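Heads up, the thing below is written out as structure tokens.
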Amino acid sequence: MTDAAGSRKPLTTTRLRAMKGKGEPITVITAYDYPSAQLAEAAGADVLLVGDSLGNVVQGRETTLSVTLDHIIYHTEIVSRAVRTPFVVADLPFATYHGSVDATLANVARVMREGNAKGVKLEGGRDIVPAVKAAVAAGVPVMGHLGLTPQSVHVIGGYKVQGKQSAAASKVLDDALRLEDAGAFALVLELVTDELAAAVTERLSIPTIGIGSGPRCDGQVLVFHDILQYGLDSAPKKFVKSYADVGTIIRNALAAYVGDVKNRSFPEESHTFHMEEATIPQLYGASDPGVGGEPEEARREAVPADKE
Ligand code: KIV
């Protein structure tokens with residue numbers, strides 16, 4: 001847990017809905033590990049999403065389909081433990097909420113209990129309404145996700161903008177209303193046109209959170225690694241604004257370290273521990289019992305400078 005959140009109160013679904021009412025934008029950032037979650041909280045993020053985008057940006061996969069419930073639980077537990085104020089939502093991975101309601105609830109329960117999430121996100125519209133209703137009835141806040149739903153990328157045929165034609169747009173709007181009716185507390189709209197996002201946002205009383213869906217949603221979500229250009233092979237995306245080039249900073253810093261070790265300019269005297277002068281000769285006496293006791297002593301020596 002961190003103090004970085006200062007006096008801010010933990011976010012709730014009630015507060016998120018009130019933010020929509022007041023026209024206060026909702027900020028969502030994906031998070032997968034302890035330091036990034038802490039940094040996102042310190043930056044003031046309202047919601048942290050442990051997205052299955054971790055399949056892409058953490059695991060280096062082409063799609064999110066390989067992400068398992070255990071992966072999500074592992075990362076969610078870490079993120080939840082790192083923060084106090086943001087509302088932590090965990091993605092339910094591919095094919096973990098399409099079987100029986102009992103199986104879905106068992107998966108949702110694991111994410112909530114073991115991951116310590118405050119809510120879950122499910123992709124899809126009318127087809128997943130029973131799953132949404134069951135989770136909500138069990139006391140679990142559910143975030144919907146419409147438009148480009150990456151878990152269905154092979155049906156959709158690629159990562160492309162959704163709902164451009166009126167029939168497709170009407171279906172998204174109708175699905176959005178059904179999800180709200182089923183009890184969802186918020187809805188992610190991924191890669192839909194600005195016009196469709198605005199219409200959905202106006203019709204719903206729950207907040208919409210856009211990604212690649214224009215400025216008229218109630219909030220925005222971006223992937224942590226995209227905001228920071230954290231990684232080497234992230235191709236630029238039209239809908240992403242990067243605020244730093246952390247990838248270049250990290251690569252240069254690591255290259256400097258490698259260079260320093262290669263040319264023996266690291267470690268320096270200031271990074272180095274020493275024995276008592278008088279003990280040094282014993283090091284070279286092979287049968288001296290003092291040498292056997294050495295590793296423990298050396299470990300005790302290796303304490304941070306400020307603890308000495
Ligand atoms: O998995 C994810 O990170 C997401 C966001 C991009 C909305 O679903």
Side-chain angles (χ1 to χ4, degrees), residues 16 25-33 36-37 40 45-69 71-76 78-80 86-97 111 115 117-125 128 132 141-153 156 158-163 172 175-176 179 184-192 197 200-201 206-214 217-228 230-231 234-242:
L16 290 169
I26 296 166
T27 53
V28 185
I29 302 178
T30 68
Y32 317 101
D33 62 34
S36 58
D46 298 311
V47 177
L48 296 188
L49 171 65
V50 185
D52 60 359
S53 51
L54 72 86
N56 310 114
V57 296
V58 177
Q59 299 174 341
R61 311 251 188 214
E62 284 295 316
T63 75
T64 59
L65 302 193
S66 57
V67 175
T68 67
L69 199 65
H71 294 155
I72 287 288
I73 290 169
Y74 173 83
H75 288 278
T76 305
I78 292 169
V79 167
S80 298
F87 194 83
V88 177
V89 176
D91 256 341
L92 282 194
F94 172 64
T96 58
Y97 48 99
V111 172
K118 289 192 175 154
V120 295
K121 178 165 78 58
L122 281 63
E123 295 182 6
I128 61 146
V132 173
V142 173
M143 182 180 262
H145 184 154
L146 291 173
L148 189 273
T149 45
Q151 290 172 12
S152 313
V153 62
I156 294 169
Y159 296 97
K160 44 193 183 195
V161 178
Q162 301 296 300
V172 171
D175 279 344
L179 290 170
F185 74 91
L187 176 67
V188 167
L189 290 173
E190 179 163 355
L191 275 191
V192 303
V200 174
T201 301
I206 58 171
T208 58
I209 310 294
I211 174 162
S213 299
C217 295
D218 297 305
Q220 297 292 328
V221 54
L222 278 181
V223 168
F224 186 90
H225 295 56
D226 288 342
I227 296 172
L228 299 174
Y230 179 19
S234 53
K237 302 178 186 95
K238 176 178 163 70
F239 59 89
V240 166
K241 180 172 176 186
S242 293

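Scope of the values below: all heavy atoms of this structure, side chains included, with no hydrogens, waters or symmetry mates. Every number for a ligand or one of its atoms is a count from 1 in the order of the listing. Just so it is clear, the model here is predicted, and its values are computed rather than measured.
- Remark: ligand 1 atoms within the under-4.0 Å shell around heavy atoms of Gly51 are 1 (O), 2 (C), 3 (O).
- Considering Thr208, Val221, Ile209 in turn, Ile209 is the only one that fulfils the side-chain contact (heavy atoms from CB on, under 4.5 Å) rule with Ile26.
- Close contacts of ligand 1 with Thr30, meaning ligand atoms under 4.0 Å from a residue heavy atom, involve 3 (O).
- Of the N or O atoms in Ser53, one or more lie within a sub-3.5 Å distance of an N or O in ligand 1.
- Nearest protein heavy-atom contact of atom 4 (C) of ligand 1 is Leu49 CD2, 3.6 Å.
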**Study point:** side-chain contact (heavy atoms from CB on, under 4.5 Å) evaluation trace for Gln151 with His145
**Key:** CA-CA 11 Å; Gln151 290 172 12; His145 184 154; over 6 Å; no
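- Proximity of Thr63 to Tyr159: side-chain heavy atoms (C-beta onward) are separated by under 4.5 Å at one or more points.
- In terms of protein heavy-atom proximity, atom 6 (C) of ligand 1 is nearest to Ile211 CD1, 3.7 Å.
- Contacts with ligand 1 closer than 4.0 Å are made by side-chain heavy atoms of His145 only, the backbone lying farther away.
- Atoms of ligand 1 found under 4.0 Å from any heavy atom of Asp91 (numbered from 1 in listed order, with element): 1 (O), 2 (C), 8 (O).
- By the salt bridge (Lys or Arg N to Asp or Glu O under 4.0 Å) test, Asp218 pairs with Lys20, sequence neighbours left out.
- Within the listing of ligand 1, atoms 4 (C), 8 (O) sit less than 4.0 angstrom from a heavy atom of Lys121.
- Residue Tyr32 has no nitrogen or oxygen atom sitting less than 3.5 Å from a nitrogen or oxygen atom of ligand 1, judged on distance alone.
- Residues passing the side chain to side chain contact (heavy atoms under 4.5 Å, CB included) test with Val57 are Tyr32, Val223, His225, sequence neighbours excluded.
- Between Val161 and Leu148, the closest side-chain pair of non-hydrogen atoms is not below 4.5 Å.
- Within the 4.5 Å cutoff, side-chain heavy atoms of Leu54 are placed close to those of Ile72.
- With ligand atoms numbered from 1 in the order given, ligand 1 contributes 1 (O) to contacts under 4.0 Å with heavy atoms of Asp52.
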